[in-house]
Structures are given as structure tokens and as C-alpha cells.
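Every value quoted in this text rests on a predicted model; they were computed, and no experiment measured them. Order of the sequence lines fixes the chain letters, A, B, ..., with proteins taken first and strands second; residue numbering starts at 1 for each chain. Just the heavy atoms: all of them, side chains too, but no hydrogens, waters or symmetry mates, feed the values below.
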Number of protein chains: 2
Amino acid sequence: MKNRREKIQEILRNKEIRLTRQREAILEVIYEAERPVTATYIYSSLQETNPSLKLSTVYRNMHLFVGKGILRKLSLGIENNESYFELIRDEHHHHLICIHCNSVLPLDCPLGEFEEKIKEETAYTLIDHSVKIFGICPHCQKYSKA
Amino acid sequence: MKNRREKIQEILRNKEIRLTRQREAILEVIYEAERPVTATYIYSSLQETNPSLKLSTVYRNMHLFVGKGILRKLSLGIENNESYFELIRDEHHHHLICIHCNSVLPLDCPLGEFEEKIKEETAYTLIDHSVKIFGICPHCQKYSKA
DNA sequence: AGGCTACTTGCAAATCATTTGCATCTTTAG
DNA sequence: CTAAAGATGCAAATGATTTGCAAGTAGCCT
């Protein structure tokens, strides 16, 4: 039974990415979050334990991880223009976004037949798709009653 | 039978927006484009005819028009981080995006029952959603065979 | 037609997210 | 243990978008 740190190191080695303190720390934060996070979130989360970590290093590694297929970059279209990053786990899914607190939850994919239909109708080669649903989470519903 | 300029002026008046040379020109570009456009696209399109128009004015009016329900802002997640804006015409729809030429086609909405299900399962208040399908259009399929 | 007032614009500087150049440090293969 | 390749810190650059402020203009009221 491997602990998280070992699992992260294995992922990096499998992808032929050098192990650095920073990279391990970044991936730990992402694993722990269990939801898409921003570069700034990662940076802030690590300020206490890794005060020398720079935001540019976070961004550089986001790029690297996306390129290596470890992460996926999302453009959620939330008020700010920050990009979110999430682990590419096995299964295809989508996102439910709270427009108050910007938190993000995973959703199953409701397309499928729809894609077939589009493919026939338009003759496009379909490559990928994304579904985003915006709402207000139960927690924010309470606090925005004021 | 109204011409385009008159139609635009009517829209602005209906929304209680002051008529300015800049606003009319901006909306003309958007109407003519018949697809989502960026602020920079609008700005460039107007440099010849309205050389004094500033990009900040375009952005300010994009904001205004979105707020008044004339336009909708899209985050398409295309390589650059530019925002796209489209006219809010009649009905709710979605987008099929060609990843080669960045052209955008409208799609019918495939959600509906799915939203009901999500609402029950998560207790979120659902506000809006977006579906984007990425692919390669028939035209680009030919030219990318090379 | 002229004038007032509030709203707009141009302009320049600020801001925000993200990227990049460069010198210094660290990882890893031998 | 050591050198070379690659990574990081730092600071400055970039690109998109926003903002403060003074000057300009639309729309209303004589």
C-alpha cells in the first residue's frame, strides 16, 4: 500500500519528469483538493511550507503536467480569468460550478447520443466537448439569503 | 422595413442606452460578423472608419451590452485567453467549435432532464449552463490532410 | 438654437493572469 | 562524486482587460 507521496513520485517517474520538492508539493495540493484548482490556490496553499516557491514555478509545472497528460486545463468562464487545473483521472466527466464561491464539482457526462447526432448532421470530426452547469451551492444559498 | 442602423438604434433606445457613434459602430460589426467576436476584432474592424475609437471603449461597451442583455460573453477555452461576445438572439443554444479555424456553429440544447436530475441530487440552485463541442469542420478536414 | 447635466469617450496608467530571460541551484546519470 | 541537463527564483515582460480623470457629447429643458 503506497502512500500519497510515493504514488506521486511514481507518476512523475512514469512520465519521465524529474522529481523536485516543488513538483511533489504541487501535486500533493492538487490531490488533496479533489477538485479543480487555480495556480494561485496551489501557490497560496504552499506558502507556509514552501515559502520560496514562486508562482512562475507553479505555472511552469502546470504547463508541464498538462503536456504530459497529468492535468487538464479548464476554462470555466467564471468572473475572473483564472485557469483551473484538474487531475486527469480515468473517466470523462463535467463540472457544476458555484457562481458565488467558485467551487467546482464533477458531473457525469450527459452527451453521447447527442454527439452521434451532431456528427451525422454536421460532418464534423468530433474531438472533445465540455459541459458546465452554473448554480449556487447549498452553502452559498444560506449565506446569500441576507 | 428597417435597415440595420435603424434596428440598432431601436435596440439601444429600448434598453435605455444612449446612442453614440461608437456604440452604433460596435454593434454594426457584431451584427455583420454573424458569429462570436473578440473585442480586438471589433476594434480592428473599426480602425479605418473610426480611427479615434479606443479599445477601452470597446471593452466598456461590451460590459454594458452584456449587462443589458444584448450580448453574451463566452469563454471558449481556445488557446489565447481572449473573450468572445455574441448577440443574444432568441433561443438558448450551444456551440460547436472548429479547433483549426476557430469558427463557431450553434447547437440545440441537449440538457433538460439532466438538469432536473442534477438539481435533485445536489440541491444546487441551477442558473445556467454551457455545452461546447470541439471538432474539425469539413472544410478544415480537407486542408489538414496534408 | 442654446445651455445644463449626466453620461461617454480618449488617453494613459494600472491591474491581473501568465510568461519569459537569465543567473543560480538541483537532480540524475555515469 | 561530478558534470551536464534541466529546474527554480527573481524580476521584468507580455497580453488581456480595467480604471481614473479631464475633455467631449447626447438628451432634456427651456
Taking the side chain as every heavy atom from C-beta outward, state whether [X] and [Y] have any atom pair closer than 4.5 Å.
| X | Y | answer |
| --- | --- | --- |
| A/S83 | A/L74 | no |
| B/H95 | B/E86 | yes |
| B/R4 | B/L27 | no |
| B/I133 | B/I97 | no |
| B/R23 | B/R18 | yes |

Notebook entry, point to check: Just checking B/R60: base, sugar-phosphate only, or nothing, at a heavy-atom cut-off of under 4.0 Å?
Noted result: base
- Message: Within the 4.0 Å heavy-atom criterion, would you say A/S83 contacts the bases, only the backbone, or no part of the nucleic acid?
- Response: sugar-phosphate
message: Does atom CD (B/E113) have a neighbourhood of more than 12 heavy atoms from anything else shown, all under 6.0 Å?
response: no
Send over the distance from [X] [atom1] to [N] [atom2], rounded to a whole Å.
| X | N | atom1 | atom2 | value |
| --- | --- | --- | --- | --- |
| B/K54 | C/dT8 | NZ | P | 19 Å |
| A/R21 | D/dT8 | CZ | C1' | 9 Å |
| B/Q47 | C/dG10 | CD | C1' | 12 Å |
| A/L19 | C/dT28 | CG | C1' | 10 Å |
| A/H63 | D/dG6 | NE2 | C1' | 18 Å |
| A/I42 | C/dA17 | CD1 | P | 14 Å |
| A/E24 | D/dT8 | CD | C1' | 15 Å |
| A/K68 | D/dA7 | NZ | C1' | 14 Å |

Establish, with yes or no, whether the OP1 or OP2 oxygen of [N] is under 4.0 angstrom from a side-chain nitrogen or oxygen of [X].
| X | N | answer |
| --- | --- | --- |
| B/T20 | D/dA26 | no |
| B/Q22 | D/dT25 | no |
| A/R18 | C/dT26 | no |
| B/N61 | C/dT9 | yes |
| A/T57 | D/dG9 | yes |
| A/R13 | C/dT28 | no |

Contacts of B/S56 and B/I17 projected onto DNA chain D by closest heavy atom; the upstream (5') one is B/S56
* Asked: Would you say B/T57's side chain and B/L53's backbone share a donor-acceptor pair under 3.5 angstrom?
  -> no
Are B/H94 and B/H129 close enough that their ring centers fall under 6.0 Å? yes
Axis-to-axis angle for the helix from C/dA1-D/dT30 to C/dG30-D/dC1, ends of five pairs each, to 10°, equals 30°
Polar pairs (N or O, both sides) under 3.5 Å between protein and nucleotides 1-3 of chain D?
none

Would you call B/R5 and B/E28 a salt bridge, using N to O less than 4.0 angstrom?
yes
Check this for me: does any side-chain nitrogen of one of B/E16 and B/K68 sit under 4.0 Å from a carboxylate oxygen of the other? no
Per atom distances to the A/R23 side chain, the nearest of D/dT8, D/dG9, C/dT9 is D/dT8
